Participant: 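One structure, as C-alpha cells, below. Some questions next.
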Amino acid sequence: MYPDLDMTQTKKIALLGNPNSGKSSLFNQLTGLRQKVGNFPGVTVERKSGYAKLKEDTEVLIVDLPGTYSLYPTSADERIAVNALLDKGNKDYPDLIIYIADVTNLERHLLLLTQVVDLGFPLLVALNMNDVAEEQHLQCDAIKLSEELNLEVVKINGRTGAGLEVLKEKISQLLSQDQWERVSDFYTLIPQEQMIVEEVRHLLPTRNDYHALLLVHHLSWLGFLTEDEKQNIQNIRDKHAFHPINNQLDEIMNRYKKFSPILPRILNRSYTTAKTLTDKVDAVLTHKIIGPFIFFMLMFFVFQAIFSWSALPMDYIDESFAMLSVSLQRALPVNLFTRLLTEGLIPGISGILVFVPQITILFLLITLLEEVGYMSRAVFMFDSIMQKFGLNGRSIVSLISGGACAIPAIMSTRTISNWKERLTTIMVTPLISCSARIPVFAILIGFVMPSYKIGFFNAQGLVFMGLYLFGVVAALTAAFVFKKVLKTEEYSFLMLELPEYRQPHWKNVFYTVYDKVRSFVFGAGKIILIISLILWFLASFGPPKMMKMASDVATIESSLLHYDAQQTALYVASKKLEFSYAGYAGRFIEPVIKPLGFDWKIGIALITSFAAREVFVGTISTLYSIGRDADNLTIRQKLQQEKNNEGKPVFTSAVSLSLILFYLLAMQCMSTLATVYRETRSWKWPAIQFVYMTGAAYLVSLLVYQLLK
Amino acid sequence: MVFRINLNNSLSTPKNITHLNIGEHAFIAAFSNGFIACKLMAMGLLPGSEIILVRKAPFGGACYIRAKQHYVVLRNKEAEHVILDSEVSK
C-alpha cells in the first residue's frame with residue numbers, strides 16, 4: 001500500500017528557539033505521550049524526542065533541542081543545540097527545523113532565526129501567540145512577516161494547540177520538496193571572514209560559508225572535528241589574526257540592523273512600557289524583605305506537603321505490599337523461590353514505589369512554580385548567598401526539598417545549568433536531614449537528652465532542631481570545600497531572563513511530573529532493587545551449618561527459658577540474623593566501629609541501614625528480639641536494659657549521640673546513590689559522595705564518643 | 001538605531017548599571033566586555049536599548065532590569081560592563 005515506506009527513512013525535525021519561547025509546550029502538543037527522555041551523549045542535559053504523526057502514513061521524529069539565544073552558545077546545553085546543527089554525523093542533525101518565535105519578544109527571537117536560515121536548513125517559523133500578547137492586544141501580521149523573511153510562518157498557540165494542523169500540513173509540504181531554495185542573505189561575511197572561510201572549505205566538507213564560519217568560531221569544543229582539522233583551522237585563524245569575539249559582535253549587530261526595520265511593519269504597535277502584571281507581582285515577590293519571606297513560606301509549604309500529603313499513600317503502598325507478601329507466603333509452598341519473592345523481591349519493589357508519592361508531590365509543586373515563572377525569581381534573590389558556597393540560586397530549592405527526601409531533591413537539580421554548581425548541589429543535598437532519619441533520631445534522642453522542659457521549650461525538641469541545623473551547616477561546609485576542589489572551564493555567570501508570569505500549562509506540568517517519576521522508577525529503581533535483593537540475601541542466609549546451629553541452640557535456649565511460641569520465634573530470628581552473612585559482616589567491621597562506641601550488633605544495623613536509614617529500627621528490633629510491631633517506647637525501654645559483656649549499658653549517651661551523628665552525616669541510602677548515579681551518569685560521583693560523607697561521619701562520631709565516654 | 005560598541009576600558013568613569021538608582025532609566029551605550037556584550041545582545045539588550053533598574057537583589061549581588069518586554073537579572077560584576085548614557089547616543 002505504501003510503496004515508499006521502506007525507501008524513506010523517518011525524517012528528523014528539530015525544534016529550535018530561545019529559552020521561554022514555548023518550545024516544550026509545542027513539543028508536548030506534537031508528540032503527546034509518545035516522547036522519550038534520555039540524555040545527550042556525554043552530558044547530563046536531557047534529550048527529549050518523540051514521534052509525531054503528520055498524516056495517516058507519515059511519521060516524523062521530533063527532537064527538542066535545548067533553548068539557545070544564538071548560535072554562539074554560552075553553556076553546555078546551548079552547545080548541544082549548536083553541535084547538533086553543525087555536525088552532519090550527529091544523530092540529531094535535522095532534515096527540517098521548526099523555529100519557535102514568541103510574538104512578545106519577536107525582535108530578539110529573529111536573531112537566532114536569521115542565523116539558522118543562513119546555515120541553510122529547510123525551516124519554517126512557528127509564531128507562538130502567548131497569553132501575554134493576547135492580554136496586551138499585541139498583533140502580528142504573519143503573512144507580512146512571511147513575505148519579509150521569505151519563509152513559511154504559521155501562527156500557533158502552544159497552550160491550546162491552535163494552528164497545529166496547519167503547521168503539520170506545512171511540514172509535510174516542506175518535507176516533500178526536494179530542494180530547499182532559500183538564499184541566505186541576512187549576513188554578508190566581511191572580507192577577512194571570506195578569506196578564512198574559503199581556506200576552511202578547501203579543508204573539509206561544509207554546508208555553506210556560514211557553516212564554515214561557525215566551525216572556525218567553535219573549533220575548540222566541537223567534538224566531531226579531528227585534532228588535525230582543529231589544528232589546521234587554528235592555523236588559518238592565526239594567519240588571518242581572527243578575533244572571535246569581535247567578529248561575533250559585528251555579526252550580531254549587522255543582523256539586528258538588517259531585521260530590526262521589519263518589526264514596525266508587522267507588529268500593530270511597539271512594546272508597551274506601561275507597568276505589566278509581571279511588574280506588579282514582582283514588586284511584592286522580589287521585594288527586599290517580603291520576597292525572601294514569601295519564598296520561605298512557599299518552601300515551608302512544599303516541605304510540609306511532601307511530609308503530610310505523602311504519608312497516607314506511602315503507608316498504603318507499604319501495607320499493600322506487606323499484605324501481598326503475607327498472602328503469597330500462605331498460598332505458596334515454602335521454598336527458596338517463595339522466600340525470594342516474598343522477602344526479597346516484593347519488599348524491594350515496595351521500597352522503590354514508596355518514594356513515588358514524595359517525588360510526585362515535590363515535582364508537582366516545583367514544576368508549578370517553574371511554570372508560572374517564579375523559580376527564576378528565587379534564583380535572583382538567593383544567587384549571591386549561594387554563590388559564596390559555590391552553589392546556584394536554584395540550589396536552595398533542592399536543599400530545602402532535601403529535608404523531606406534527597407531523591408527528588410537531587411532530581412530537581414536538573415534546572416541548574418552550570419555543571420559545577422549542579423554537581424555541588426547533588427553532592428551536598430543528602431547531608432540535609434531527610435525524613436528517613438527521623439525514626440532513628442526519635443529512638444536514640446531519649447538516651448542523649450532526657451525529656452524535660454527548658455522554659456517553653458521541650459529539651460528533646462531543641463536537640464532535634466540542633467540536629468537539623470547541624471545538617472544544614474554540614475551541607476554548606478561541604479559545598480564550600482567542593483567549590484575549592486572542583487575545577488571547571490565553564491564560566492559562571494547569571495545573565496538570566498525572568499519570564500513573564502503566566503498561568504501554568506497543565507499539560508507541561510503533567511509531562512514533567514510523569515517523566516520524573518518514570519525516570520526514578522525505571523532508572524534508579526533498577527539499582528535499588530538489585531541492592532535490596534543483595535541485602536536481603538546477606539541478612540537471611542549465612543553459612544548453612546552455623547545458621548542451623550544458631551537456630552537449634554536458640555530453640556533449646558527458648559524452651560529452657562520457658563518462652564512462648566512468639567518469644568521463641570523472635571529469639572530464633574535474632575540468633576539467625578547474628579549468624580547470617582550480615583551478622584558476620586557486622587562482627588567483621590566491629591574493630592573499625594569500636595572506637596565510635598558501636599558493637600557488632602549496631603554494625604549489623606549500619607549495614608542493613610544501607611537499604612534505607614529507617615531499616616535501623618527494624619534491624620535493632622530483630623536483633624534484640626523486640627518484635628516488629630513494638631512502638632518506639634517499647635524499643636527504647638528494651639534498649640535501655642541492654643548490657644554489654646562487662647555488664648554496662650550499651651546505649652549510653654555517648655554511644656547514642658555518636659550513633660545519631662553517624663546517621664546524620666553518613667551516606668547510608670542506596671536509593672540516593674542510585675539517583676546520583678543516574679543524574680551524573682557515572683559511578684565516580686556516588687563513590688566520592690559515599691566516601692566523603694561516611695568519612696566525615698566516622699570522624700565526627702569518633703571525636704564525640706572519645707570526648708564523651 | 002545606532003550601534004556603538006566600545007571594548008576598551010579606558011573611558012573616563014563611565015556610568016554603568018550598578019550606578020543607577022532604583023527606578024532610574026538609561027540607555028545602553030556600550031559594553032566593556034565582549035562575552036557579556038554577545039550574551040546580552042543575543043538576549044535582546046542592544047546598544048541604544050532603554051533600560052530601567054527595577055530593583056536589586058535582597059541580599060545584594062545582582063540587579064534586576066527591564067528593557068522593553070525583557071526582564072533580565074545579572075550579577076553586579078556583569079552589570080558593571082554595561083556602559084550607560086542618559087540619552088540615546090546620536
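Fair warning: this is a prediction, and the values are worked out from it, not measured in the lab. Sequence lines set the chain letters: A, B, ... in the order given, protein chains first and strands last, and positions in each chain run from 1.
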Participant: Could you label the plane-to-plane angle of the A/F382 and A/F295 rings as parallel, tilted or perpendicular, counting under 30° as parallel and over 60° as perpendicular?
Facilitator: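 Answer is tilted, since the angle falls between 30° and 60°.
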Participant: Main chain of A/D282, side chain of A/T286: is a donor-acceptor contact present, judged purely on distance under 3.5 Å?
Facilitator: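 Yes.
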Participant: Looking at chain A, which one of B/A62, B/A57, B/P58 has the largest number of heavy-atom pairs inside 4.5 Å, strictly under?
Facilitator: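 Highest number of heavy-atom pairs under 4.5 Å: B/P58.
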Participant: Find the one option among A/A283, A/P244, A/P19 whose heavy-atom pairs under 4.5 Å with chain B are most numerous.
Facilitator: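 Max contact count across the listed options: A/A283.
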Participant: For A/R255, is it the side chain, the backbone, both or neither that has a heavy atom under 4.5 Å from a heavy atom of chain B?
Facilitator: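 Neither part; nothing is under 4.5 Å.
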Participant: Measure A/I385 against the heavy atoms of chain B and call it side chain, backbone, both or neither at under 4.5 Å.
Facilitator: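 When you check distances to chain B, only side chain atoms of A/I385 fall under 4.5 Å.
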Participant: How close do A/S384 and B/F59 get, counting heavy atoms only, and between which atoms?
Facilitator: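 It is OG-O, 3.2 Å.
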Participant: So, A/E421 side chain and A/N418 main chain: donor-acceptor pair closer than 3.5 Å or not?
Facilitator: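 Checking the backbone N and O of A/N418 against the side chain of A/E421, no donor-acceptor pair under 3.5 Å is found.
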Participant: Can you tell which part of B/L45 gets under 4.5 Å to a heavy atom of chain A, answering side chain, backbone, both or neither?
Facilitator: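 Nothing of B/L45, per the 4.5 Å heavy-atom cut-off to chain A.
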Participant: Counting only heavy atoms closer than 4.5 Å, note whether A/D250 contacts chain B via side chain, backbone, both or neither.
Facilitator: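 Contact with chain B involves no heavy atom of A/D250 at all.
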Participant: Using a 3.5 Å distance criterion without hydrogens, assess whether the side chain of A/H218 forms a donor-acceptor pair with backbone atoms of A/L71.
Facilitator: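 Yes.
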Participant: Looking at every heavy atom in both B/F35 and A/M495, which two are closest together, and how far apart are they?
Facilitator: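 So the minimum-distance heavy-atom pair works out to CE2-CE, 3.9 Å.
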Participant: Which answer fits A/E251, side chain, backbone, both or neither, if we ask what part of it has an atom under 4.5 Å from a heavy atom of chain B?
Facilitator: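 Neither part.
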Participant: Check whether A/N268 reaches the backbone of A/C140 with its side chain - one donor and one acceptor, N or O, closer than 3.5 Å.
Facilitator: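 Absent.
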Participant: Of the listed residues (B/V73, B/L74, B/V72), which shares the most heavy-atom pairs with chain A below a 4.5 Å separation?
Facilitator: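 Result: the option with the highest number of such pairs is B/V73.
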Participant: Counting only heavy atoms closer than 4.5 Å, note whether A/E78 contacts chain B via side chain, backbone, both or neither.
Facilitator: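 The answer is the side chain of A/E78.
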Participant: Need one label for A/Y72: side chain, backbone, both or neither, based on atoms under 4.5 Å from any heavy atom in chain B.
Facilitator: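 Neither part, no heavy atoms under 4.5 Å.
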Participant: Salt bridge between A/R394 and A/E370, side-chain N to carboxylate O under 4.0 Å?
Facilitator: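 Here A/R394 pairs with A/E370 in a salt bridge, since their nearest N and O are under 4.0 Å apart.
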Participant: With only heavy atoms counted, which part of A/H287 is less than 4.5 Å from chain B, the side chain, the backbone, both or neither?
Facilitator: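 The backbone, not the side chain.
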